[in-house]
There are 4 protein chains.
Amino acid sequence: MSNPATIEVISEPLVESTRQRRKEARPAELTAAALALFVEKGFAATRLDDIASRAGVSKGTLYLYFDSKEALFKAVVLEGIVPVLDAADVIMAGFKGSNAELMQQLLVMWWRLVGSTSLGGLPKLVISEARNFPEVASFYQDAVISRARGLLKRVLQRGIDAGEFRPMNLEMSADVLFAPILMLAIRRHSVDLCGSTSTDPELYLKTHMELALHGLSNNRLSP
Amino acid sequence: MSNPATIEVISEPLVESTRQRRKEARPAELTAAALALFVEKGFAATRLDDIASRAGVSKGTLYLYFDSKEALFKAVVLEGIVPVLDAADVIMAGFKGSNAELMQQLLVMWWRLVGSTSLGGLPKLVISEARNFPEVASFYQDAVISRARGLLKRVLQRGIDAGEFRPMNLEMSADVLFAPILMLAIRRHSVDLCGSTSTDPELYLKTHMELALHGLSNNRLSP
Amino acid sequence: MSNPATIEVISEPLVESTRQRRKEARPAELTAAALALFVEKGFAATRLDDIASRAGVSKGTLYLYFDSKEALFKAVVLEGIVPVLDAADVIMAGFKGSNAELMQQLLVMWWRLVGSTSLGGLPKLVISEARNFPEVASFYQDAVISRARGLLKRVLQRGIDAGEFRPMNLEMSADVLFAPILMLAIRRHSVDLCGSTSTDPELYLKTHMELALHGLSNNRLSP
Amino acid sequence: MSNPATIEVISEPLVESTRQRRKEARPAELTAAALALFVEKGFAATRLDDIASRAGVSKGTLYLYFDSKEALFKAVVLEGIVPVLDAADVIMAGFKGSNAELMQQLLVMWWRLVGSTSLGGLPKLVISEARNFPEVASFYQDAVISRARGLLKRVLQRGIDAGEFRPMNLEMSADVLFAPILMLAIRRHSVDLCGSTSTDPELYLKTHMELALHGLSNNRLSP
DNA sequence: AATGAATGAGTCTTCATTCAT
DNA sequence: TATGAATGAAGACTCATTCAT
């Protein structure tokens, strides 16, 4: 279907028809609209009419691509996961320097690629609907959370091995260290939008890193 | 919408209208049932029928005490806040020893009085419905989160003053330090109930404290 | 529930409340309205709104008594069957005279109790929806058609035993003899309502009996 | 409604408008597919999608030949009538022997050409939709039923004239004699497909003829 | 002539809310 | 105070119909 560099390329029209282009782009447009509204209002409170009109199509069109509202929900989560995993790959790719610097760098990348984008709404969505869509929740847990936790655990282990970090319970430490990051994403899509108190993400993450790396303790290595 | 007084009741406790008195007599069973179901299924997916039958009353009875489903929701949050605030008072009451020990003790108490009870479901509920009930969210923010943050900030300040803690951005540090606690509560009422991976709360909180107090760093005061 | 002549009768209010009376009569009112409309327009073309308003209730009320449109359909057929079976019992009860006279009498009773009433619409309904509701069709077949066929077969057998009727294939003969009766009921609820040619049921049934008893043949017993 | 011409086309065959010509070119596959599905599921429960895919075309193609689902329905009945009338002509063509033998022969032909084919589904279809398509029903009544009845009446009259049959009410007798034949067709396309009790058509028709010709009576011409 | 993506009116179904008892 | 039958507005879903290609 996707047809890279064959002889038949010659007979392919250079300009795809509008119809065709639309057809292929549709599902992504629809899930994008759905993600935004699911995150904003929750699954139940989001009307298919709203999703459709936000995507610029009629309600019936949704059913050309998704069997039901639930199927759309699942597609939203599934589709939202791919970029996150891609981001994880990018993050893991190549880095130099200490493990502390690595963590710093990973966090910045996460913020750029996930936290600051609409993908940052997924955690809130999955958490809110976990009881109503257990499969989705455990899938998200497995595909995203566990994987990210694994990544962090490896970094921590290397830090310990290098004598850079203290020995610790890896599992728990990873969870605890992720919590402020997840909460940042969650808050940005919920309470921070209501009250007047909006958090400065950059400063928040910087504080998180400092605390994580040094803790509260004032005890210092004597020079 | 139809009943903004519900929230403002808090600030006008001196006048006891008929309505007021009725509202005080309001069976806690109703809000307890509602809290459980709202936390479990979310606001929209919870039917008044279910709340009523869980509370052992008929659906009509709910309307003797609450003007609408929204009013019930607000009451649930409001009522759930009181014990939290009481807990905060208890916690603040009397303590001895270092600030680190204080934090430890506060955390244990929070877990006993809030985190391990059904009240621990409130954060998830408020977060999930924040966009649909902004007043509730910002009220919760003000009444609970901000107050708890203030408490923590005071502890941190004292630790800094005593030379026990490093200087830091108090606001951000408090938020960051709360995040793992909130996430614990949130997870216990969402994703932890789906997958097979349930967290051990005691160990989780212990790890949080250790990380918070010492950080990841292995640098130690040389003897 | 139905409570004939007990001591407790004394404590029962003589006048049932309007509400109560309504509650008990409701399902029958609803199925009556549904039967009329299903027969008239078919299952799919009948809107629940129409059924509700014909029964003088709101659409939602239907769902207090029936889980779905399909459940209502099944209830219509089930409920329609009871009187038919009752009629069959009445018909079987007591008769004197020849088997030919018995058949005549049975036919007249069927017409009075079934054919001329709205129950006469059931065969058309069941036939029309047989493919979409196979269970209902085979249930109707078993509960009504087979039973009626059995009744007729017994009459035929007795006629044969008495030397009154010719030997014959009982099964097939019963089916063939029922056909004109069923067709009368079917026609009265379909084509006869459209064109200008309405059949005179009495004459039709009389002709059926004559043909059945004597056939077309002009051969006569010599005096 | 939008296309009453569909039926009247029959009476104005001389003028060939563009539309007319297009309609005549109308592929029989479409109406054949439609007939099968209308008979199987009823008019309302049949989706144009299903008809199209059964005919191996796209849904849009149906609209090249028929203005609406209703127009398609009418065409199905109209088109289904032609072979029946042709069959009637064949049947009437040439026969020898007694009128009883003629009836026998006519019945066999009807079974071969109509009853055993998919055309046998038309009576059920017309009956089921008679109330929703009165014009179609009365047209079918006039074009098929009445004509067949006329045919039978002539045979009966000749039998009476020849002293072969008893005098009788011709109209009613014809209707009664047709009923078992129609019921056979109807049953084969409805209830017989559900339960386990399928009728043997040949035996059924044979029984019908015997009963019609001799009746139930055992009275015999003494030799 | 043929396609099939898109539409939106129509219908079933749910459920918060009311009110007679 | 308590009930639960009744309501009707709202929303998910279907499918006949249209039309750009």
Side-chain angles (χ1 to χ4, degrees), chain A residues 13 16-20 22-24 26 44-53 55-72, chain B residues 2 22 25 27 43-53 56-72, chain C residues 13 16-20 22-24 26 44-53 55-72, chain D residues 2 22 25 27 43-53 56-72:
Chain A
E16 289 183 274
S17 71
T18 303
R19 201 64 169 274
Q20 195 56 33
R22 225 59 204 290
K23 170 86 192 296
E24 285 165 12
R26 275 278 185 262
T46 298
R47 279 169 296 149
L48 287 184
D49 263 323
D50 292 341
I51 296 174
S53 64
V57 300
S58 76
K59 192 171 32 169
T61 299
L62 289 174
Y63 284 86
L64 293 177
Y65 299 95
F66 305 98
D67 286 341
S68 66
K69 194 184 181 185
E70 289 203 14
L72 176 56
Chain B
S2 60
R22 204 179 61 179
F43 174 77
T46 297
R47 279 166 298 161
L48 288 186
D49 261 322
D50 293 340
I51 296 175
S53 66
V57 300
S58 77
K59 190 165 43 167
T61 301
L62 289 174
Y63 282 86
L64 295 175
Y65 298 97
F66 307 98
D67 289 340
S68 68
K69 194 185 182 185
E70 290 202 11
L72 176 57
Chain C
E16 287 183 275
S17 72
T18 303
R19 201 64 170 273
Q20 195 55 33
R22 227 59 204 291
K23 169 85 191 296
E24 285 166 9
R26 274 279 185 262
T46 297
R47 280 169 295 148
L48 287 184
D49 261 324
D50 293 340
I51 297 175
S53 64
V57 300
S58 77
K59 195 170 29 169
T61 300
L62 290 173
Y63 284 86
L64 293 176
Y65 298 96
F66 305 98
D67 286 342
S68 66
K69 194 183 181 186
E70 289 203 13
L72 176 56
Chain D
S2 59
R22 203 179 61 178
F43 174 77
T46 297
R47 278 167 296 159
L48 288 186
D49 261 321
D50 293 341
I51 295 174
S53 66
V57 300
S58 77
K59 192 165 42 166
T61 300
L62 289 174
Y63 282 86
L64 294 175
Y65 298 98
F66 305 97
D67 289 340
S68 69
K69 193 184 182 186
E70 291 202 10
L72 175 56

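Within every chain, numbering begins at 1; the chains are lettered A, B, ... in the order of the sequence lines, protein sequences first and strands thereafter. Predicted model only: the values in this text are computed from it and were never measured. Hydrogens, waters and symmetry mates play no part in the numbers below; they use all other heavy atoms, side chains included.
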Checklist line | Candidates F:dC13, F:dA6, F:dT7 - which lies nearest the side chain of A:Ser68 | finding: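 So the side chain of A:Ser68 is nearest to F:dC13.
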Item checked: Among E:dA2, E:dT13, F:dA5, the nucleotide that comes nearest once only the side chain of C:Tyr65 is considered ->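 Between E:dA2, E:dT13, F:dA5, the one nearest the side chain of C:Tyr65 would be F:dA5.
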Note to self: For A:Asp67, give me all partners under salt bridge (charged side-chain N to carboxylate O under 4.0 Å, His left out), at least two apart in sequence or on another chain.
What the structure shows: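 Checked A:Asp67 against salt bridge (charged side-chain N to carboxylate O under 4.0 Å, His left out); zero matches.
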Notebook entry, point to check: Looking at residues at least two apart in the chain, or sitting in another chain, which of them share a salt bridge (charged side-chain N to carboxylate O under 4.0 Å, His left out) with A:Lys69?
Noted result: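 Scan of A:Lys69 (salt bridge (charged side-chain N to carboxylate O under 4.0 Å, His left out), adjacent residues dropped) gives none.
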Students often get this wrong, so: under 4.0 angstrom with heavy atoms, is [X] touching a base, only sugar-phosphate, or nothing?
X       : result
B:Lys59 : base
A:Leu48 : sugar-phosphate
D:Thr46 : sugar-phosphate

Check: How close do B:Pro27 and B:Tyr65 get, heavy atom to heavy atom, and via which atoms?
Finding: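 Minimum heavy-atom separation between B:Pro27 and B:Tyr65: CD-CE2, 3.5 Å.
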Notebook entry, point to check: Name the stems with DNA chain F in them: runs of three or more consecutive Watson-Crick or G-U pairs, distances under 3.5 Å?
Noted result: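 E:2-21 with F:2-21 - these are the stems of 3 or more pairs that involve DNA chain F.
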Notebook entry, point to check: What residues form a side-chain contact (heavy atoms from CB on, under 4.5 Å) with D:Ser53, not counting sequence neighbours?
Noted result: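 Scan of D:Ser53 (side-chain contact (heavy atoms from CB on, under 4.5 Å), adjacent residues dropped) gives none.
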Item checked: Contacts of C:Thr61 that satisfy side-chain hydrogen bond (donor to acceptor under 3.5 Å, both in side chains) - sequence neighbours left out ->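 side-chain hydrogen bond (donor to acceptor under 3.5 Å, both in side chains) check on C:Thr61 returns C:Ser58.
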Checklist line | Contacts of D:Lys59 that satisfy side-chain hydrogen bond (donor to acceptor under 3.5 Å, both in side chains) - sequence neighbours left out | finding: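 Here the qualifying residues are D:Asp49.
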Item checked: 5′-ward residue of the pair B:Thr61/C:Gly60 relative to DNA chain F ->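 Closest to the 5' end, via its nearest nucleotide, is B:Thr61.
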Notebook entry, point to check: Pick the nucleotide of DNA chain F nearest each of D:Arg47 and B:Leu62; which residue has the one closer to the 5' end?
Noted result: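 Looking at DNA chain F, the more 5' nearest nucleotide goes with B:Leu62.
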Would you kindly give the [atom1]-to-[atom2] distance between [X] and [N], to the nearest whole Å?
X       : N      : atom1 : atom2 : value
A:Ile51 : F:dA12 : CD1   : P     : 8 Å
D:Asp50 : F:dT14 : CG    : C1'   : 12 Å
A:Lys69 : E:dT14 : NZ    : C1'   : 12 Å
C:Asp49 : F:dT7  : CG    : C1'   : 12 Å

Next item on the list: Look at the side-chain N and O atoms of D:Tyr63 and state whether any lies under 4.0 Å from the OP1 or OP2 oxygen of E:dT3.
Entry: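 No.
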Item checked: Residue whose nearest DNA chain E nucleotide is more 5′ - A:Leu64 or B:Ala45 ->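 Of the two residues, A:Leu64 wins.
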Checklist line | Non-hydrogen side-chain atoms of C:Leu64 and C:Arg26 separated by less than 4.5 Å | finding: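 Not in contact.
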